[in-house]
Undergrad: 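Below is the structure I would like to discuss, written out as structure tokens.
Both counts, for ligands and for their atoms, begin at 1 and track the order of listing. Nothing here was measured: the structure is a model prediction, and the numbers come from that model.
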Amino acid sequence: MGRIHVLSEHVANKIAAGEVVERPASVVKELIENSLDAGATRVRIDIEAGGRKLIHVSDNGCGMVRDDALLAFERHATSKLKNDDDLLSISTLGFRGEALPSIAAVSRLRLETRDAGETSGTVVEIAGGRILTVEEAGLPAGTSISIRDLFFNTPARRKFLKAESTELSHIASLVTHYALAHPEMHWELHTTTNALLVAPPVATHSERIYQVFGKETLDELIPLAAQMALERVGLPEPPPWRREPEYEPPTPGELRVHGFTSKPEIQKLNRNSIFIFVNGRLIRDKVVMHGILEGYRNIIPPTVYPVVLLFLEMPCTEVDVNVHPSKTEVRFRQQSFVHDFVRDSVRSALMAARPAPAFTNEIHASASARVALTPLLHGSADDGFHASAIDPCAVDLPQAEAGAAGEFSVFSLIPRQPLPRNGALPFDGSMEVEGNGAMGAVRIAAQGFGEEGAEAQSANQSGAQSSYQYANPEAVPETASRCALPLDGIDDAMDLSMLCTLKPLGQIRDSFILAINPQGLWIIDQHVAHERVLFEKILDERGRRQVEAQRLLMPIIVELRPAQQAIFTEIAEELRRNGFEAEPFGIRTIAIQSAPAGVTADDVSEMLQELLEQLEHEEQALNLEKIRTRIAASIACHAAIKVNMPLDTAKMEWLLAELAKTKYPMSCPHGRPIVLRYSVKDIQKAFKRI
Ligand code: ADP
Ligand code: MG
């Protein structure tokens with residue numbers, strides 16, 4: 001007798017169920033998506049024991065007639081697809097017809113449903129995939145599904161469930177994000193003891209963020225909106241000989257994005273606070289993730305992550321959602337388009353806002369909550385730039401306790417507690433001000449250089465930029481300014497254009513400039529401020545081929561390792577254009593004859609070594625733009641005013657004025673913050689005046 005046999009459908013169902021139903025949150029996700037597909041405007045979720053005991057989802061969607069209520073539990077039974085052509089243009093969240101049978105196979109399920117057009121509804125009870133009862137009943141229109149005893153018949157899976165609180169936090173996070181994606185709907189999430197979320201419909205995403213997270217979080221986010229016409233369609237067209245006479249070429253459509261990115265001083269230790277929706281579907285995706293992080297490149301350090309909520313919309317033919325059983329992964333037909341669009345949209349939003357970092361800036365983080373459906377990418381191989389160079393610019397601050405490192409920072413529904421402190425800077429003797437995450441990172445962050453991106457080289461990239469239409473944030477309904485939030489008295493919104501109104505008072509330890517204006521007290525890191533000024537100046541001069549150089553009195557001899565030699569050869573020409581002239585001087589030895597203005601003879605060799613080392617460790621192919629920005633960042637770092645350098649008032653004024661003129665006064669080319677602000681409101685709060 002042969003060994004191979006076909007599994008019974010019952011067993012097959014259980015196997016497949018493993019793919020769709022990983023944990024309680026995945027059940028909730030499937031049920032919510034069904035409610036959304038059914039056109040519901042109200043969804044209520046009830047959870048007992050982290051979903052192990054009960055998951056109940058009820059909606060006011062279209063409901064099902066009796067026959068459909070039974071068919072729904074057949075594998076591959078769906079109302080959302082008819083033929084394989086439909087697979088190319090899926091506009092619903094579900095389409096595989098797998099969720100209900102998979103869930104029913106591993107739980108005790110009760111379905112109550114009534115189609116709005118019928119007078120009575122249907123109740124179906126199933127346990128472990130077997131139908132127990134089917135009854136007619138008087139029911140409200142819509143659908144309600146309760147899942148009891150999840151995994152009761154698959155003990156191995158049950159054993160792998162995490163603590164109830166962990167499972168609940170996954171569910172809460174998931175529901176929150178669907179609630180954020182659909183502000184027009186009424187959402188509720190309850191446990192037996194708590195109402196975790198009650199969010200009646202609102203008009204805008206900003207209002208929904210306010211409802212769910214409060215004003216402080218909203219203040220920490222920058223609204224973003226952009227659209228771009230696609231140049232072509234992603235799917236291949238049929239060849240001419242196959243086209244019908246009335247064939248019309250498809251119109252390419254457009255990419256749209258809206259959402260929120262966080263101000264640069266919000267720095268998370270992992271990617272769990274980045275949420276990506278594509279056509280209403282919560283997904284994890286490397287392409288979009290990379291685009292977002294590229295948008296932040298040189299604005300925040302490469303080792304930290306922003307908070308981002310991104311809603312991408314595109315023609316459904318541009319995205320293949322049939323990639324993974326749980327439908328959390330997608331494939332874009334025009335990946336690099338999507339990537340660059342995301343990157344440039346994030347960049348533009350950050351540029352337009354030019355926000356000034358404040359002292360208090362951690363979005364409330366809950367250590368216990370983690371998100372099931374966020375990308376769990378580890379490390380940052382795809383960041384491609386981690387240099388180990390010791391930062392010559394490190395400031396001798398008492399090192400902030402890195403206690404925050406390793407803590408999970410996600411949006412959570414747990415009521416706000418006092419903000420977590422990354423490190424407290426003693427301030428004015430008696431009062432403490434919270435340092436922002438980046439302050440702690442000043443000494444520990446690996447130094448990284450990256451491309452400056454589109455903005456720094458507008459000359460080269462204006463072509464690309466001009467094809468984009470960035471919606472004016474003012475014109476977008478979802479802006480913070482539009483939604484009617486109870487703003488209290490003092491408006492402390494300010495941006496860095498105010499830098500030129502600052503009056504310098506003096507320096508702390510000859511390193512940090514203290515300055516005031518009517519909006520508050522500002523602290524400026526003099527080294528990184530000058531670094532930013534020089535960085536932009538060098539790139540600009542390079543664009544106009546006018547980089548200043550200085551001849552060295554004596555050539556400086558530098559010995560190179562073979563790998564360094566190879567890189568040096570590759571970038572020699574670009575170095576020369578940046579004022580760096582060197583000639584071969586024996587085997588793997590070069591003589592530097594001139595250096596960029598501002599870099600002293602003592603620094604030249606070290607700078608070159610550092611630069612070569614960084615480029616050597618670059619994982620991605622070097623391109624001219626990358627080489628240029630790295631050279632510029634290197635020169636800027638070495639030519640800039642150092643810490644521990646006394647500055648007179650005129651010099652401080654000059655520096656602030658120059659900084660005000662830069663495109664990114666908020667962070668240095670390595671992503672560290674330049675300016676910290678202590679607003680009048682913060683001061684009043686600290687003195688308990690408000
Ligand atoms: P899919 O969503 O991929 O079609 P499911 O197994 O999730 O597969 O659901 C099967 C079918 O059951 C759906 O196509 C839909 O017609 C119906 N259905 C499921 N949930 C609901 C609901 N909440 N309201 C109305 N119809 C539903
Ligand atoms: Mg479904």
Undergrad: Would you please test F260 and L224 for side-chain contact (heavy atoms from CB on, under 4.5 Å) and show each step?
TA: CA-CA 5 Å; F260 298 85; L224 161 164; over 6 Å; no

Undergrad: Can you run down the salt bridge (charged side-chain N to carboxylate O under 4.0 Å, His left out) pairs that involve residues 164-192, sequence neighbours left out, and say none if there aren't any?
TA: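 Counting only pairs at least two positions apart or across chains, the salt bridge (charged side-chain N to carboxylate O under 4.0 Å, His left out) contacts touching residues 164-192 are R23-E167, R42-E188, R44-E188.
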
Undergrad: Is the terminal nitrogen or CZ of R108 (NZ for Lys, CZ for Arg) located under 6.0 angstrom from the six-membered ring centre of F152 and within 45° of that ring's axis?
TA: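 The answer is yes; both the distance and angle limits are met.
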
Undergrad: Out of Y178, F277, F275, which residue meets the ring-ring contact (aromatic ring centres under 6.0 Å, His included) rule with F311?
TA: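 Looking at Y178, F277, F275, the match for F311 under the ring-ring contact (aromatic ring centres under 6.0 Å, His included) is F277.
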
Undergrad: Just checking, any donor-acceptor pair under 3.5 angstrom between side chains of D149 and S107?
TA: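 There is no such pair between these side chains.
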
Undergrad: List, for ligand 1, each N/O atom that has a protein N/O partner under 3.5 Å away, with both atom names and the distance.
TA:
| unit_1 | atom_1 | unit_2 | atom_2 | d |
| --- | --- | --- | --- | --- |
| ligand 1 | 2 (O) | N34 | OD1 | 2.9 |
| ligand 1 | 2 (O) | K80 | NZ | 2.7 |
| ligand 1 | 3 (O) | F95 | N | 2.8 |
| ligand 1 | 3 (O) | R96 | N | 3.0 |
| ligand 1 | 3 (O) | G97 | N | 2.8 |
| ligand 1 | 4 (O) | T78 | OG1 | 2.5 |
| ligand 1 | 6 (O) | A99 | N | 3.3 |
| ligand 1 | 6 (O) | L100 | N | 2.9 |
| ligand 1 | 7 (O) | N34 | OD1 | 3.0 |
| ligand 1 | 7 (O) | N34 | ND2 | 2.8 |
| ligand 1 | 8 (O) | G97 | N | 3.4 |
| ligand 1 | 14 (O) | T78 | OG1 | 3.4 |
| ligand 1 | 14 (O) | S79 | N | 2.9 |
| ligand 1 | 14 (O) | S79 | OG | 3.1 |
| ligand 1 | 16 (O) | S79 | OG | 2.5 |
| ligand 1 | 20 (N) | N34 | ND2 | 3.4 |
| ligand 1 | 23 (N) | D59 | OD2 | 2.9 |
| ligand 1 | 24 (N) | T143 | OG1 | 3.2 |

Undergrad: Have S144 and H56 got a donor and an acceptor in their side chains that come within less than 3.5 Å?
TA: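 Per modelled atom types, S144 and H56 side chains form a pair under 3.5 Å.
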
Undergrad: Within a radius below 2.8 Å of the Mg ion (ligand 2), how many protein N, O or S atoms are present?
TA: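 My tally for this metal is 1.
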
Undergrad: Can you confirm whether R158 is buried at CZ, in the sense that more than 12 heavy atoms of other residues, nucleotides or ligands lie under 6.0 Å from that atom?
TA: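 Yes, because the 6.0 Å sphere around CZ of R158 holds more than 12 heavy atoms from other groups.
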
Undergrad: Only one of I276, I274, V308, L293 forms a side-chain contact (heavy atoms from CB on, under 4.5 Å) with V288, so which one is it?
TA: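 Result: among I276, I274, V308, L293, I276 is the only option passing the side-chain contact (heavy atoms from CB on, under 4.5 Å) with V288.
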
Undergrad: Without placing hydrogens or testing angles, list every side-chain donor-acceptor pair under 3.5 Å for residues 117-127, not counting sequence neighbours.
TA:
| unit_1 | atom_1 | unit_2 | atom_2 | d |
| --- | --- | --- | --- | --- |
| S120 | OG | E136 | OE2 | 3.1 |
| E125 | OE1 | T133 | OG1 | 3.3 |
| E125 | OE2 | R110 | NH1 | 3.1 |

